[in-house]
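Before any comments, here is the structure.
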Amino acid sequence: MTAEQKTSPLHDRHVALGAKLADFGGWQMPIEYPGGGVLREHTAVRERVGIFDVSHLGKALVRGDGAADFVNRCFTNDLRKVAPPKAQYTMCLDDATAGVVDDLIQYLKSDDEVFLVPNAANTAEVVRRMQEKAPAGLEITDQHMEFGIIAVQGPKAPEVVEALGLPTDLDYMSFGVAQWEGREVIVLRSGYTGEKGFELVPRWDDTPALWDALVEAMKPYDGLPCGLGARDTLRTEMGYPLHGNELSMEITPNMARAGWAVGRTKDAFWGKEALAAQKEAGGYRLTWGLKATGRGIPRAHCDVKNADGTVIGEVTSGTMSPTLKVGIAIALMDRGTKEGDEVVIDVRGRELPAVVVKPPFVQTEVD
């Protein structure tokens with residue numbers, strides 16, 4: 001661990017479990033735990049339940065008169081389409097280029113209070129951009145190390161959360177502020193795995209005790225602590241974007257097929273004009289899924305070629321699907337690419353045949 005790396009409030013728990021640790025956005029976080037690693041953890045979430053420490057994710061608070069209206073003028077999605085207490089996926093775009101500075105979750109607490117969860121490495125930049133544009137009287141606070149976040153994911157997630165006396169009767173992307181042993185916890189019905197799940201947001205110092213309680217509560221279901229390796233394979237199977245891979249300053253929401261999270265009829269959001277201009281001009285690459293038909297594992301930055309050997313795309317994320325037992329990838333592909341097209345992925349000079357598909361790669365039963 002370098003001096004610059006931060007650690008989550010659960011770092012001691014991960015070390016005690018023998019976790020393999022790595023850098024994620026400047027934070028030392030668990031990739032996997034001993035006893036089966038990513039495959040075992042991935043399967044636990046698909047079939048039973050797993051818990052993830054995602055405390056490295058950012059946290060920020062926008063508070064003051066008109067906070068929700070201000071946030072709505074900054075980010076892509078339309079906060080006016082939801083009412084408190086609802087959360088919403090959104091993106092922070094560069095105003096000049098429509099490149100994605102970050103994607104994040106916005107919790108609408110009230111017209112005058114919005115809690116934000118950006119990605120770890122981008123939190124300071126999102127906060128900086130907001131502070132730069134904020135009107136007088138509006139307070140924007142970086143709360144990165146004031147809260148932890150634990151994701152409880154899998155078919156048995158409701159039972160595990162309920163065992164702690166926390167609310168589970170929430171609509172998707174709704175949240176509640178609950179009490180657990182006299183400690184305040186935000187409970188959001190959400191997740192990044194495609195399974196039923198909740199994201200629990202306790203105060204930083206309360207996070208270890210909550211984690212320990214969850215570990216006990218999931219024992220009857222053979223649940224597991226899961227690292228960010230399994231989180232990545234789970235989200236890739238669903239075709240969910242990861243910032244820095246499927247979304248970036250070079251990959252706009254148009255290219256990533258994330259238009260569902262863009263309030264194009266809103267009066268304003270950062271990057272609105274640039275995004276509209278790109279859509280009007282056309283010609284940009286689009287995100288597709290690739291499912292290997294041969295043996296091999298596609299990886300990010302691998303070229304994708306057509307039958308003539310012409311490069312027509314680039315892999316943004318690739319992995320071996322633990323569920324399907326085949327290589328899968330998300331890729332940016334040239335216009336003209338169609339579902340069912342046969343392509344070749346160049347994996348370190350070896351040709352891996354694949355077929356173009358529409359994610360998700362697996363079907364889940366999230367209600």
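All values below come from the heavy atoms of this structure, side chains included, with hydrogens, waters and symmetry mates left out.
By the side-chain hydrogen bond (donor to acceptor under 3.5 Å, both in side chains) test, Arg285 is found to be paired with Asp334, residues two or more places apart in sequence or in another chain being considered. For Glu195, the side-chain hydrogen bond (donor to acceptor under 3.5 Å, both in side chains) partners two or more places apart in sequence, or in a different chain, are Arg46. Partners of Phe175 by ring-ring contact (aromatic ring centres under 6.0 Å, His included), not counting sequence neighbours, listed by chain and number: Tyr107. Partners of Ser321 by side-chain hydrogen bond (donor to acceptor under 3.5 Å, both in side chains), not counting sequence neighbours, listed by chain and number: Glu237. Among residues two or more places apart in sequence or in another chain, the salt bridge (charged side-chain N to carboxylate O under 4.0 Å, His left out) test is passed with Glu132 by Arg128. A search for ring-ring contact (aromatic ring centres under 6.0 Å, His included) contacts involving His243 returns nothing, not counting sequence neighbours.
Two residues are said to be in side-chain contact when any heavy atoms from C-beta on lie closer than 4.5 Å; Leu108 and Pro85 fail this criterion. Taking 4.5 Å as the limit, every side-chain heavy atom of Arg73 sits out of range of all side-chain heavy atoms of Phe269. Residues Pro253 and Met91 have side chains in contact (heavy-atom distance under 4.5 Å, counting atoms from C-beta outward). Taking the side chain as every heavy atom from C-beta outward, Leu104 and Cys92 approach each other to under 4.5 Å.
Residues Asp78 and Arg264 are not paired through a salt bridge, judged by the lack of any N-O separation under 4.0 Å between the basic side chain and the carboxylate. Using a cutoff of 4.0 Å between basic side-chain nitrogens and carboxylate oxygens, Asp171 and Arg189 are not scored as salt-bridged. Classification of Asp341 and Lys338 as a salt-bridged pair holds, one side-chain N sitting under 4.0 Å from a carboxylate O.
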Only pairs under 3.5 Å count here: list side-chain donor-acceptor contacts from residues 176-186, not counting sequence neighbours, and write none if there are none.
none

Donor-acceptor list for residues 154-167 side chains, cut-off 3.5 Å, not counting sequence neighbours:
{"residue": "Glu162", "atom": "OE2", "partner": "Thr168", "partner atom": "OG1", "Å": "3.4"}

Throw together a table of side-chain donor-acceptor distances under 3.5 angstrom for residues 351-364, partners on residues two or more places apart or in other chains.
{"residue": "Thr364", "atom": "OG1", "partner": "Gly194", "partner atom": "O", "Å": "2.7"}

Pair up each side-chain donor or acceptor in residues 197-212 with any protein partner under 3.5 Å, not counting sequence neighbours, and list the distances.
{"residue": "Thr207", "atom": "OG1", "partner": "Arg203", "partner atom": "O", "Å": "3.0"}
{"residue": "Thr207", "atom": "OG1", "partner": "Trp204", "partner atom": "O", "Å": "3.1"}
{"residue": "Asp212", "atom": "OD1", "partner": "Arg13", "partner atom": "NE", "Å": "2.9"}
{"residue": "Asp212", "atom": "OD2", "partner": "Arg13", "partner atom": "NE", "Å": "3.4"}
{"residue": "Asp212", "atom": "OD2", "partner": "Arg13", "partner atom": "NH2", "Å": "2.8"}

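There is a path of hydrophobic side-chain contacts, each under 4.5 Å, that joins Met29 to Met145. Hydrophobic clustering places Val343 together with Val347 (ILVMFWY residues linked when any side-chain heavy atoms are closer than 4.5 Å, directly or through intermediates). One hydrophobic cluster holds both Leu61 and Ile105 under the rule that ILVMFWY side chains link at heavy-atom gaps under 4.5 Å.
The structure places OG1 of Thr123 at 11.5 Å from CD of Gln143, a figure rounded to the nearest 0.5 Å. From Asp53, atom CG reaches atom CG of Leu10 across 4.5 Å, with rounding to the nearest 0.5 Å. Note that CG of Leu286 and CD1 of Ile251 are 11.5 Å apart. Values are rounded to the nearest 0.5 Å.
No option in Gln153, Arg231, Arg235 other than Gln153 meets the side-chain hydrogen bond (donor to acceptor under 3.5 Å, both in side chains) test with Thr193. If you run side-chain hydrogen bond (donor to acceptor under 3.5 Å, both in side chains) between Tyr33 and each of Glu41, His14, Lys20, only His14 comes through.
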Checklist entry - Would Asp94 and Arg129 count as a salt bridge (charged side-chain N to carboxylate O under 4.0 Å, His left out) if you check the C-alpha gap in whole Å, the side-chain angles of each, and the deciding distance to 0.1 Å? => result CA-CA 10 Å; Asp94 181 77; Arg129 289 180 182 237; 3.2 Å; yes
Item to check | Evaluation steps, side-chain hydrogen bond (donor to acceptor under 3.5 Å, both in side chains), between Asn77 and Tyr89 | outcome: CA-CA 7 Å; Asn77 217 335; Tyr89 175 84; over 6 Å; no
Next on the checklist: Under the criterion side-chain hydrogen bond (donor to acceptor under 3.5 Å, both in side chains), I'd like the reasoning laid out for Asp23 against Gln5: C-alpha separation, chi angles, the key distance, then a yes or no.
Outcome noted: CA-CA 8 Å; Asp23 178 82; Gln5 277 185 323; 2.9 Å; yes
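The stretch residues 138-167 participates, sequence neighbours left out, in these ring pair (Phe, Tyr, Trp, His ring centres under 6.0 Å) pairs: Trp27-His144, Phe115-Phe147. Annotation: ring pair (Phe, Tyr, Trp, His ring centres under 6.0 Å) contacts involving residues 295-326, sequence neighbours excluded, are absent.
Residues Gly148 and Pro9 share a closest heavy-atom pair of CA-CG, 4.5 Å. Counting all heavy atoms, side chain and backbone alike, Ala258 lies closest to Val262 at O-CG2, 3.7 Å. The shortest heavy-atom contact between Val114 and Leu116 is CG1-CD2, 3.8 Å. When all heavy atoms are compared, the tightest approach of Pro298 to Gly327 is CD-CA, 3.8 Å. Between Ser317 and Asn245, the shortest heavy-atom contact is OG-ND2, 3.1 Å. Between Ala331 and Leu290, the closest heavy-atom pair is CB-CD1, 3.7 Å.
Remark: side-chain polar atoms of Thr236 are paired, donor with acceptor, to backbone N or O of Asp232 under 3.5 angstrom. The backbone N or O of Ala276 lies less than 3.5 Å from no partner atom in the side chain of Glu280, so there is not a single donor-acceptor pair. Between the side chain of Lys219 and the backbone N or O of Leu224, no donor-acceptor pair lies under 3.5 Å.
Figure legend: cation-pi geometry between Arg257 and Trp288, with NZ or CZ positioned under 6.0 Å from the six-membered ring centre and within 45° of its axis.
Classified by interplanar angle (parallel below 30°, tilted 30° to 60°, perpendicular above 60°), the ring pair Phe24/His56 is perpendicular.
By the 6.0 Å contact criterion, CG on Asp112 is enclosed, its count of non-hydrogen atoms from other residues, nucleotides or ligands being greater than 12.
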